[in-house]
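Worksheet: the structure to be examined is printed underneath.
Whatever order the structure lists ligands and atoms in, that order sets their numbers, starting from 1.
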Amino acid sequence: MKAMPQNNLPPSVKPSFLGGHFLQFRRSPIGFLTELSKLGDVSFFRMGSQPAYLLNHPDLARDLLVVSAHKFHKGRALERAKKLLGEGLLTNEGESHLQQRRMIQPAFHRERIKSYAAAMTAYAERMANEWRDGDVRDIDKEMMRLTLNIVGKTLFDQNVEDETDEIGNAMTTLVGLFDYLLLPFSEILEKLPIPQARRFNRAKETLDRIIYGFINQRRASGEDKGDLLSMLLHAQDEESGAKMTDKQVRDECLTLFLAGHETTANALTFAFYLLSQNPEKEKKFHEELDALFPNGSVPQPEDYPHLKYTEAVLAEAMRLCPPAWVLGRLATQEHEAGGYKIPKGSLVLVSMYILQRDERFWAEADIFKPERFSPENAVKEANQKFIYFPFGAGVRRCVGEQFAWMEGVLLLATLARKWKLSLIPEQRFGLSPMMTLRPKFGMKMRIEKR
Ligand code: HEM
């Protein structure tokens with residue numbers, strides 16, 4: 001018999017005297033949620049006056065993201081992100097989200113994505129040729145530059161390199177100020193003539209100018225270049241026959257621009273870091289590359305399916321350091337989870353970071369072992385069990401997932417075929433869990449010829 005939902009609250013940690021749970025969360029999001037996760041499959045805290053629940057079991061994560069997804073919205077963080085992203089795929093809700101998703105999804109089908117692979121290997125090869133033996137480079141910034149160029153090329157078929165500084169700077173400013181956008185009272189802050197608000201607006205105007213420029217050019221030429229922009233301009237919803245307005249195309253471009261580069265760059269940075277700390281695994285990884293690319297041959301898009309160990313390295317890096325480390329939802333109606341009542345208006349969280357390191361489901365959970373993902377379909381199986389979901393799940397699952405896998409694998413292979421990356425002794429390692437999970441102190445690495 002199904003247990004009746006309890007009226008009492010799930011277990012919680014003692015709120016700090018000043019600032020309560022909110023401050024504890026802000027100070028150390030991962031530490032705070034990890035502490036809560038030890039209390040049970042459902043735990044409780046308050047974000048200011050808002051009740052919040054952490055679900056810490058694969059079945060509860062599945063229920064939140066798939067089975068009961070219709071009872072939830074994406075919450076305040078994403079509501080605030082509309083300020084920048086408008087009604088793009090990431091921020092849209094309900095029927096309007098589904099319609100946009102139907103229009104955009106074809107641009108990310110497996111076959112379609114193959115045509116983007118050439119840009120991925122070409123840009124990676126260019127970077128591999130720029131690096132010099134003995135260089136010390138900020139790998140986090142290098143990966144960001146690389147993935148930004150690739151998303152620019154695949155979105156607009158444009159070598160955004162010339163504009164990269166402008167686009168890159170504007171993007172970096174926006175990403176940096178995004179966290180500030182999510183602060184309580186930020187609705188008020190942003191109206192004040194404070195430097196952050198001014199910088200944010202300036203960066204947004206720069207990106208709008210560039211993106212509307214691309215849209216106008218393309219509409220005027222009427223050309224179908226086979227890139228994402230052409231796909232967006234021509235996309236039509238089969239059910240309603242609707243096409244996108246310029247504003248919608250702009251919102252989707254900015255969304256894909258933002259969602260499509262930082263996460264992949266972080267995944268690559270963590271993968272290089274973890275390889276550098278695990279020489280045996282690094283050796284195995286290099287052996288795969290040497291076997292597939294003898295005599296200095298360069299990885300090609302068609303090599304992607306053969307890069308099995310490389311893919312396992314990326315999968316394992318995203319298990320330990322998932323670039324999207326937590327998902328939040330807002331209950332739009334009352335719900336029940338693990339026997340507890342979750343009132344309408346509550347914030348509900350699941351954390352990939354925590355579940356993907358959970359000893360109940362992963363042996364030697366904190367150890368970097370790409371072999372876990374070596375058997376065919378291991379990623380899929382872990383996905384189905386809901387113990388591994390770096391790309392989310394359900395109707396909001398990452399639309400760029402296949403793109404990201406292919407990009408991550410091809411970039412790792414192309415760069416590491418030539419170069420071995422080692423952490424410099426002064427480089428500290430830490431995690432900064434903001435909107436995405438980033439290396440807290442950067443990632444300076446020495447580049448050595450292999
Ligand atoms: C390693 C790389 C990536 C990771 C870890 C990642 C992760 C995620 C996650 C977890 C979500 C779901 C968010 C939620 O449910 O609240 C998501 C959504 C999304 N991602 Fe990614 N992503 C990656 C790369 C990409 C790329 C390359 C693109 C596009 C080129 C992209 C575009 C999007 C979009 C548009 C959404 C919103 C989908 C929707 O709500 O319908 N992502 N991503």
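- A salt bridge is absent between Glu223 and Arg218; no separation between the charged side-chain nitrogens and carboxylate oxygens falls under 4.0 Å.
- Protein heavy atom at the shortest distance from atom 40 (O) of ligand 1 is Arg396 NE, 2.9 Å.
- Below 3.5 Å of separation, one finds no N or O of Thr264 facing any N or O of ligand 1.
- A cation-pi geometry, defined here as NZ or CZ lying under 6.0 Å from the six-membered ring centre and within 45° of its normal, does not hold between Arg357 and Trp362.
- Between Glu130 and Arg145, at least one side-chain N (NZ, or NE/NH1/NH2) sits under 4.0 Å from a carboxylate O, which counts as a salt bridge.
- A donor atom on one side chain and an acceptor atom on the other are not found under 3.5 Å apart for Thr414 and Glu125.
- Looking at Asp246 and Arg219, a side-chain N of the basic residue comes within less than 4.0 Å of a carboxylate O on the acidic one, giving a salt bridge.
- Defined by atom type and a distance below 3.5 Å, a donor-acceptor pair is missing between the side-chain atoms of Thr263 and Asn266.
- Judged by the shortest distance from any of its heavy atoms, Trp405 lies outside the 4.0 Å radius around the atoms of ligand 1.
- Aromatic pair Tyr309/Phe285: ring centres not closer than 6.0 Å.
- Heavy-atom proximity to Pro390, at under 4.0 Å, picks out these atoms of ligand 1: 5 (C), 7 (C), 10 (C).
- Applying the 4.0 Å criterion to heavy atoms of Phe403 picks out, from ligand 1, the atoms 27 (C).
- For ligand 1, the atoms sitting less than 4.0 Å from at least one non-hydrogen atom of Met352 are 10 (C), numbered in the order shown with element in parentheses.
- Defined by atom type and a distance below 3.5 Å, a donor-acceptor pair is present between the side-chain atoms of Arg396 and His97.
- If you check the side chains of Asp63 and His335, you find a donor sitting under 3.5 Å from an acceptor.
- Counting heavy atoms under 4.0 Å from ligand 1, residue Phe389 does not touch it at all.
- Residue His97 has at least one heavy-atom neighbour below 4.0 Å for each of these atoms of ligand 1: 39 (C), 40 (O), 41 (O).
- Neighbours of atom 21 (Fe) of ligand 1 restricted to protein N, O or S atoms under 2.8 Å: the count is 1.
- For Val151, the closest heavy-atom approach to ligand 1 does not fall below 4.0 Å.
- Between Tyr273 and Phe429, the distance separating the two ring centers is shorter than 6.0 angstrom.
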Would Glu93 and Lys74 count as a salt bridge (charged side-chain N to carboxylate O under 4.0 Å, His left out) here? Give the steps.
CA-CA 8 Å; Glu93 294 284 0; Lys74 290 184 76 170; over 6 Å; no
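- Among Gln402, Glu252, Arg397, Arg329, the residue whose heavy atom lies closest to atom 15 (O) of ligand 1 is Arg329.
- Short contacts between ligand 1 and Leu90, defined as distances under 4.0 Å to a heavy atom of the residue, involve ligand atoms 18 (C), 19 (C), 36 (C), 37 (C).
- Closest protein heavy atom to atom 13 (C) of ligand 1: Leu327 CD2, 3.7 Å.
- Residue pairs meeting the side chain to side chain donor-acceptor pair (under 3.5 Å) criterion with at least one member in residues 375-395, sequence neighbours excluded: Asn383-Arg397.
- Closest heavy-atom approach to atom 38 (C) of ligand 1 among the candidates Gln100, Lys74, Met318, Arg101: Arg101.
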